[in-house]
Q: 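A single structure is presented below for examination.
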Amino acid sequence: MLLSSVAAFCCCCVILLLLRRLPRVLMAPTEKPFFRIAYSLYTKTRLGYLFYKRQLKKARERYPHGHSSTQAIVFSGVKVVPIPVLSDNYSYLIIDTTSSLAAVVDPSDPLAVQAHLEREGVTLEAILCTHKHWDHSGGNKALKRLYKSCRVYGSSYDDIPELTHALSDREQLSVGRIQLQAYFTPGHTVGHMIYVLDGKSGDGPDCLFSGDLLFLAGCGRMFEGSAETMLTSLDTAASLNDSTLLWPGHEYAADNLTFAAVVEPENAVRDKKCQWVLHRRLEKKSTCPSTIGEEKEYNPFLRTHCRDLHQALDLQRGANEDWNHFRARVLEEVRKRKDLFKER
């Protein structure tokens with residue numbers, strides 16, 4: 001009995017060490033054995049949830065007021081409130097100011113979300129979950145307990161906590177007078193989804209809540225999909241109106257733009273954006289939102305069609321190679337280089 005207990009204890013210690021390394025492990029898929037073990041533990045066992053809780057506690061202690069200062073935007077009848085959570089995540093409140101009903105995107109920290117709900121004086125009607133990872137879905141259960149009639153949206157392909165409404169590609173949903181559309185965008189996970197707020201709901205711009213599909217100057221890792229799958233998902237985002245505001249799941253802008261300068265050095269638009277971002281980050285200010293139009297100018301993951309990028313990567317299209325197959329090769333190469341760049 002003692003021997004088995006000691007063995008179990010040792011096994012847990014090893015697992016916890018792996019989970020402690022998880023952010024670094026997940027960012028280095030070349031370490032395949034560690035990557036597969038740690039990722040499986042994080043996504044498929046309670047140990048992943050315990051690791052998330054540990055990270056949540058540390059972040060609350062380190063950033064009692066959030067990792068970045070943010071600014072809400074308001075247009076007729078709609079308010080979007082970014083909520084900085086964990087060490088670099090963002091959740092978002094989408095508020096119908098007429099009915100005082102709200103949805104929250106990816107509620108990592110239920111206490112932070114609840115504090116903003118109370119501050120705004122609104123009722124939570126829906127949780128819009130982009131994917132299953134705990135840093136995006138960890139607060140679902142606690143908020144559902146507080147708001148029992150709250151609907152939880154997401155993909156049935158991902159194991160979304162407390163899911164009540166499984167969505168299909170391009171399905172529409174509403175919160176008060178606010179109209180949104182969900183898009184199926186696998187690649188980061190098998191069931192990743194993004195949500196687009198119809199700007200006509202409040203006579204303003206469309207808003208993309210992209211989770212871990214698309215960041216300012218970056219994209220998510222391809223944990224559960226091929227480059228071809230991820231390319232299709234990124235093309236979905238790129239097909240939105242150029243004026244669409246991009247609200248990503250993480251504050252990665254400075255690192256992403258630094259990397260973009262490495263893979264595509266001759267890009268004046270990117271250089272200007274980078275200066276602005278670095279100044280913002282020195283003051284711990286959020287860099288969100290950008291726009292889809294901006295991202296097409298400097299985000300290498302949306303520029304797989306650009307000859308300048310092909311030349312910088314020293315990649316050439318085969319004589320009979322399908323165009324999208326070649327673009328997927330470009331995406332895979334950019335992602336591979338990013339995976340090895342400063343571990344993010």
Q: Is it possible for you to say whether Leu282 and Tyr252 belong to one hydrophobic cluster, with membership spreading through side-chain heavy-atom contacts below 4.5 Å?
A: no
Q: Restricting to non-hydrogen atoms, name the atom on Leu214 and the atom on Ala237 that form the minimum distance, rounded to 0.1 Å.
A: CD2-CB, 4.1 Å
Q: Taking atom CZ of Arg119 and atom CG of Leu93, what is their separation to the nearest 0.5 Å?
A: 10.0 Å
Q: Spell out, yes or no, whether Val262 and Leu309 are grouped together once hydrophobic residues are joined by side-chain heavy atoms under 4.5 Å, including indirect joins.
A: yes
Q: Could you grab the distance from atom CG of Leu231 to atom CZ of Arg335, nearest 0.5 Å is fine?
A: 14.0 Å
Q: Hey, could you give me the CG/CG distance between Leu56 and Leu50, rounded to the nearest 0.5 Å?
A: 12.5 Å
Q: Under the criterion side-chain hydrogen bond (donor to acceptor under 3.5 Å, both in side chains), I'd like the reasoning laid out for Thr287 against Glu251: C-alpha separation, chi angles, the key distance, then a yes or no.
A: CA-CA 7 Å; Thr287 60; Glu251 180 58 70; 2.7 Å; yes
Q: Would you please test His133 and Tyr39 for side-chain hydrogen bond (donor to acceptor under 3.5 Å, both in side chains) and show each step?
A: CA-CA 10 Å; His133 291 161; Tyr39 187 74; 2.8 Å; yes
Q: Would you call Arg337 and Glu333 a salt bridge, using N to O less than 4.0 angstrom?
A: yes
Q: What residue among Ile194, Leu128, Leu197, Val196 forms side chain to side chain contact (heavy atoms under 4.5 Å, CB included) with Phe209?
A: Leu197
Q: Below 6.0 angstrom between ring centroids: does that apply to His305 and His310?
A: no
Q: Assess the pair His192 and Tyr157: is the distance between their ring centroids shorter than 6.0 Å?
A: no
Q: Scan side-chain atoms only and decide if His136 and Asp212 contain a donor-acceptor pair under the 3.5 Å cut-off.
A: yes
Q: Do Lys132 and Glu224 sit within salt-bridge range, that is, some charged N less than 4.0 Å from a carboxylate O?
A: yes
Q: What about the rings of His67 and His250, do their centers lie closer together than 6.0 Å?
A: no
Q: Any heavy-atom pair between the side chains of Pro82 and Ser286 that's under 4.5 Å?
A: no
Q: Looking only at the side chains, is there a donor atom on one of Thr229 and Ser226 sitting less than 3.5 Å from an acceptor on the other?
A: yes
Q: Using modelled atom types only, decide if a donor and an acceptor are shared between the side chain of Arg221 and the backbone of Asp339 within a distance under 3.5 Å.
A: yes
Q: Are Lys338 and Phe259 in a cation-pi contact, defined as NZ or CZ under 6.0 Å from the six-membered ring centre and within 45° of the axis?
A: yes
Q: How close do Leu117 and Ala102 get, heavy atom to heavy atom, and via which atoms?
A: CD2-CB, 4.2 Å
Q: Do Phe75 and Leu208 belong to the same hydrophobic cluster, where Ile, Leu, Val, Met, Phe, Trp and Tyr are linked whenever their side-chain heavy atoms lie under 4.5 Å apart, directly or via other members?
A: no
Q: What residues form a salt bridge (Lys or Arg N to Asp or Glu O under 4.0 Å) with Glu297, not counting sequence neighbours?
A: none
Q: Salt bridge or not between Asp96 and Arg177? Use side-chain N to carboxylate O under 4.0 Å.
A: yes
Q: Just by modelled atom types, is the Thr232 backbone N or O under 3.5 Å from a matching donor or acceptor in the Thr236 side chain?
A: yes
Q: Is there side-chain contact between Trp247 and Val80, with at least one heavy-atom pair below 4.5 Å?
A: yes
Q: Checking Asp106 against Thr130: is there a side-chain donor and acceptor pair closer than 3.5 Å?
A: yes
Q: Could you tell me if the side chain of Leu180 sits less than 4.5 Å from the side chain of Gln172, heavy atoms only?
A: no
Q: Do His188 and Leu213 pass the side chain to side chain contact (heavy atoms under 4.5 Å, CB included) test, and can you show the C-alpha distance, the side-chain angles, and the key distance before you say yes or no?
A: CA-CA 7 Å; His188 183 67; Leu213 170 67; over 6 Å; no
Q: What verdict does the side chain to side chain contact (heavy atoms under 4.5 Å, CB included) test give for Tyr298 and Ser290, after you've listed the backbone C-alpha separation in whole Å, the side-chain angles of each residue and the deciding distance to 0.1 Å?
A: CA-CA 11 Å; Tyr298 53 65; Ser290 65; 3.8 Å; yes
Q: Ignoring hydrogens and angles, tell me if any N or O in the side chain of Asp206 forms a donor-acceptor pair with the backbone of Gly199 under 3.5 Å.
A: yes
Q: Listed by chain and number, what are the salt bridge (Lys or Arg N to Asp or Glu O under 4.0 Å) partners of Lys296, not counting sequence neighbours?
A: Asp242
Q: Flag the pair Tyr49 / Tyr52 as yes when their ring centroid distance falls below 6.0 Å, and as no otherwise.
A: yes
Q: Can you measure from OG1 (Thr185) to CG (Leu234) and round to the nearest 0.5 angstrom?
A: 8.5 Å
Q: Just checking, any donor-acceptor pair under 3.5 angstrom between side chains of Asp158 and Thr189?
A: yes
Q: Salt bridge check, Glu264 against Arg270: does any charged N sit closer than 4.0 Å to a carboxylate O?
A: no
Q: Taking atom types as modelled and ignoring hydrogens, do the side chains of Ser68 and Arg280 form a donor-acceptor contact shorter than 3.5 angstrom?
A: no
Q: Atom OH of Tyr153 and atom CG of Leu167: how far apart are they, to the nearest 0.5 Å?
A: 7.0 Å
Q: Give a yes-or-no answer on whether the side chains of Tyr195 and Ser210 include a donor-acceptor pair shorter than 3.5 Å.
A: no
Q: Is it true that Phe341 and Met222 fall in one hydrophobic cluster, defined by side-chain heavy atoms closer than 4.5 Å?
A: yes
Q: Check this for me: does any side-chain nitrogen of one of Arg327 and Asp235 sit under 4.0 Å from a carboxylate oxygen of the other?
A: yes
